[in-house]
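Only this structure's heavy atoms are used, side chains among them; waters, hydrogens and symmetry mates stay out. Every chain is numbered from 1 and lettered A, B, ... according to where its sequence line falls, protein lines coming before strand lines.
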2 protein chains.
Amino acid sequence: MDTTQRTDQQTSAERRRRELLEAADRVVLRDGPGASMNAIAAEAGITKPILYRHFGDKGGLYAALAKRHTDALLDSLRAALDAPADRRERVEATLDTYLSAIEARPQVYRFLMHPAEETQSDQGFDVGKHSAPLLRRMGEELAQVIGERLDLGPGGQQLARVWGHGIVGMMHAAGDWWLGERPCSRAELVRSLADLLWGRLAAAGDKVGGPGF
Amino acid sequence: MDTTQRTDQQTSAERRRRELLEAADRVVLRDGPGASMNAIAAEAGITKPILYRHFGDKGGLYAALAKRHTDALLDSLRAALDAPADRRERVEATLDTYLSAIEARPQVYRFLMHPAEETQSDQGFDVGKHSAPLLRRMGEELAQVIGERLDLGPGGQQLARVWGHGIVGMMHAAGDWWLGERPCSRAELVRSLADLLWGRLAAAGDKVGGPGF
DNA sequence: ACTCGGGGTTACCGCAAGTAACATGCACGT
DNA sequence: ACGTGCATGTTACTTGCGGTAACCCCGAGT
């Protein structure tokens, strides 16, 4: 049958692709984001041109790899964000989910934040798109949730987008720093960040003797 | 005299170094972060090995280059942070200073956030240090200001550090996204971010019909 | 029997990082 | 005046990576 045939071919190609991605995953997790195409091909038991046939170029492979992990992480985050609980609890759950993920698999995290490096772009200098797609996607996702659930008055959608990206950036930078220095427990970090979002910065009193920050 | 001699040599070497850095700056700003050592050497009117004598490797050159810009930006930020005004105004001034800087010279900004890529690190996987040094330095600086001016009770120093890195991350991610999409004016962005820091997220009401975010 | 297409390989190109070995010129001690 | 350093510079090379061209093999369809 024509359809089954076509399906077989498709599944075969897709299975290959998944095998290659898994091999690439192992190598990237072992050797870091600088893993060479040769190394990945060797791990998969084949040679370079096949990788290029499947993914076009290194950027394509890395994008496919990143998409898998990004999708997985975003699913967890959505779950935490949609849990039935009050706002503060959900914010804390989401922060904790993200931090757990980067804590459990720092190599994956590092790879996602440091994507293909795009060799040299033309002098167009695509500033604004250089950031890791993961950050952008998380920002948009969060913006959407905020925008559809909170009543922010006129201009609320735009505000939600700013906040989405801002909060994600806060989470990311704090998490990155925390992962390197481990200055406190994860729970404390989550609490501190939630406190920040809850306006404790504005509410805090000045220290004696000078104008407060 | 021995000292004068040594001084002359030092100043000569340092002047050379500055000339090279300025040439490198021009090339990086023109060709992007992927500029080759050959191109930089050519711009400086010399050849590769001299660059290597001065900076060790590409990472060294890029680090030196980044330090210059980072120092300059941090000076502006410190000025905004230390201005005589109330807390909210200072926060807004600092945000605006940062955003002005990245808006005025996006190439510099992009270069600073996407440093040398450190080829392949040993499997130690130095997670936590991969982030741009600029972000770390800004975070520490802000943490210090917060810690020394705000009365945050017990554990306040740690809280200040978390907030410093978190706020810087927020500023960075929002700025990066804003630079790419330009969804609003700079002033609006500053206002929105300050509102976020002032707890409007926690204070906002739910939209009709469901539990709020 | 034949060709045709998917999956595979070897061998190569171009280019960039980094280095070794060689040249040049200018100040010094003798 | 003369060699001796030493900083400054060059050419020419090695290595390793991304990417590609050309060829190969084998099973299926006619």
Side-chain angles (χ1 to χ4, degrees), chain A residues 1-21 23-24 27-28 30-65 114-122, chain B residues 1-21 23-24 27-28 30-65 114-122:
Chain A
M1 209 193 207
D2 189 41
T3 55
T4 41
Q5 218 173 302
R6 200 181 276 162
T7 313
D8 284 356
Q9 286 172 215
Q10 274 194 355
T11 56
S12 141
E14 283 176 13
R15 263 193 20 206
R16 246 324 172 261
R17 189 188 167 92
R18 281 184 47 190
E19 288 172 17
L20 298 184
L21 276 179
V27 176
V28 166
R30 169 162 34 86
D31 297 352
S36 82
M37 293 298 265
N38 260 326
I40 293 172
E43 170 74 26
I46 43 104
T47 51
K48 270 195 299 177
I50 303 183
L51 285 180
Y52 285 95
R53 285 231 242 278
H54 273 269
F55 300 103
D57 62 353
K58 189 170 184 168
L61 204 181
Y62 274 41
L65 211 50
H114 243 308
E117 193 63 7
E118 75 279 355
T119 53
Q120 85 275 10
S121 59
D122 44 327
Chain B
M1 203 186 190
D2 189 41
T3 56
T4 41
Q5 216 174 300
R6 202 180 277 163
T7 313
D8 283 357
Q9 287 172 218
Q10 275 195 352
T11 56
S12 142
E14 284 176 12
R15 260 193 23 205
R16 240 337 164 252
R17 188 187 168 90
R18 280 185 47 190
E19 289 173 16
L20 297 184
L21 276 178
V27 176
V28 166
R30 170 161 35 86
D31 297 352
S36 83
M37 293 298 264
N38 259 325
I40 294 172
E43 171 73 28
I46 44 103
T47 50
K48 268 194 300 177
I50 303 183
L51 285 180
Y52 284 96
R53 285 233 245 277
H54 274 268
F55 300 103
D57 62 353
K58 189 171 184 166
L61 204 181
Y62 274 41
L65 211 51
H114 241 306
E117 193 62 6
E118 75 276 357
T119 52
Q120 86 274 12
S121 60
D122 44 327

If the helix axis at each end comes from five base pairs, how far does the helix from C:dA1-D:dT30 to C:dT30-D:dA1 deviate from straight, to 10°?
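Taking five pairs per end, the axes differ by 30°.
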Rounded to the nearest Å, what distance is computed from the [atom1] atom of residue [X] to the [atom2] atom of nucleotide [N]?
X	N	atom1	atom2	answer
A:D31	D:dG16	CG	C1'	15 Å
B:E14	D:dA7	CD	P	15 Å
B:F55	C:dA17	CZ	P	15 Å
B:Y52	C:dA20	OH	P	13 Å
A:L51	C:dT9	CG	P	10 Å
A:L61	D:dG19	CG	P	10 Å
B:D57	D:dT15	CG	P	19 Å
A:M37	C:dC13	CE	P	21 Å

For the residue pair [X] and [Y], what are the closest heavy atoms and their distance?
X	Y	result
B:K58	B:Y52	N-CE2, 4.3 Å
B:I46	B:L51	CD1-CG, 4.3 Å
A:A35	A:Y62	O-OH, 3.2 Å

Please write out each protein N/O paired with an N/O of nucleotides 9-13 of chain D under 3.5 Å, distance rounded to 0.1 Å.
unit_1, atom_1, unit_2, atom_2, d
D:dG9, OP1, B:R16, NE, 3.4
D:dG9, OP1, B:R16, NH2, 2.7
D:dG9, OP2, B:R16, NE, 3.4
D:dG9, N7, B:R53, NH2, 2.5
D:dG9, O6, B:R53, NH2, 3.0
D:dT10, OP2, B:T47, N, 2.9
D:dT10, OP2, B:T47, OG1, 2.5

Not counting sequence neighbours, which residues clear salt bridge (Lys or Arg N to Asp or Glu O under 4.0 Å) with B:R17? List them please.
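With sequence neighbours excluded, B:R17 shows a salt bridge (Lys or Arg N to Asp or Glu O under 4.0 Å) to no residue whatsoever.
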Could you work out, with salt bridge (Lys or Arg N to Asp or Glu O under 4.0 Å) as the rule, every residue matching A:R53, not counting sequence neighbours?
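Partners of A:R53 under the salt bridge (Lys or Arg N to Asp or Glu O under 4.0 Å) test: none.
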Point-to-point distance, once rounded to the nearest 0.5 Å, from CE of B:M37 to CD1 of B:I50
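One finds 11.5 Å between CE of B:M37 and CD1 of B:I50.
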Show, in sequence, the C-alpha distance, side-chain angles and deciding distance for B:L20 and B:L61, and conclude whether the side chain to side chain contact (heavy atoms under 4.5 Å, CB included) test is met.
CA-CA 9 Å; B:L20 297 184; B:L61 204 181; over 6 Å; no
Which residues share a side chain to side chain contact (heavy atoms under 4.5 Å, CB included) with A:S36, sequence neighbours left out:
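Expected list: A:N38, A:A39.
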Kindly write out the residues that satisfy side chain to side chain contact (heavy atoms under 4.5 Å, CB included) with B:R18, not counting sequence neighbours, or none if the list is empty.
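B:E22.
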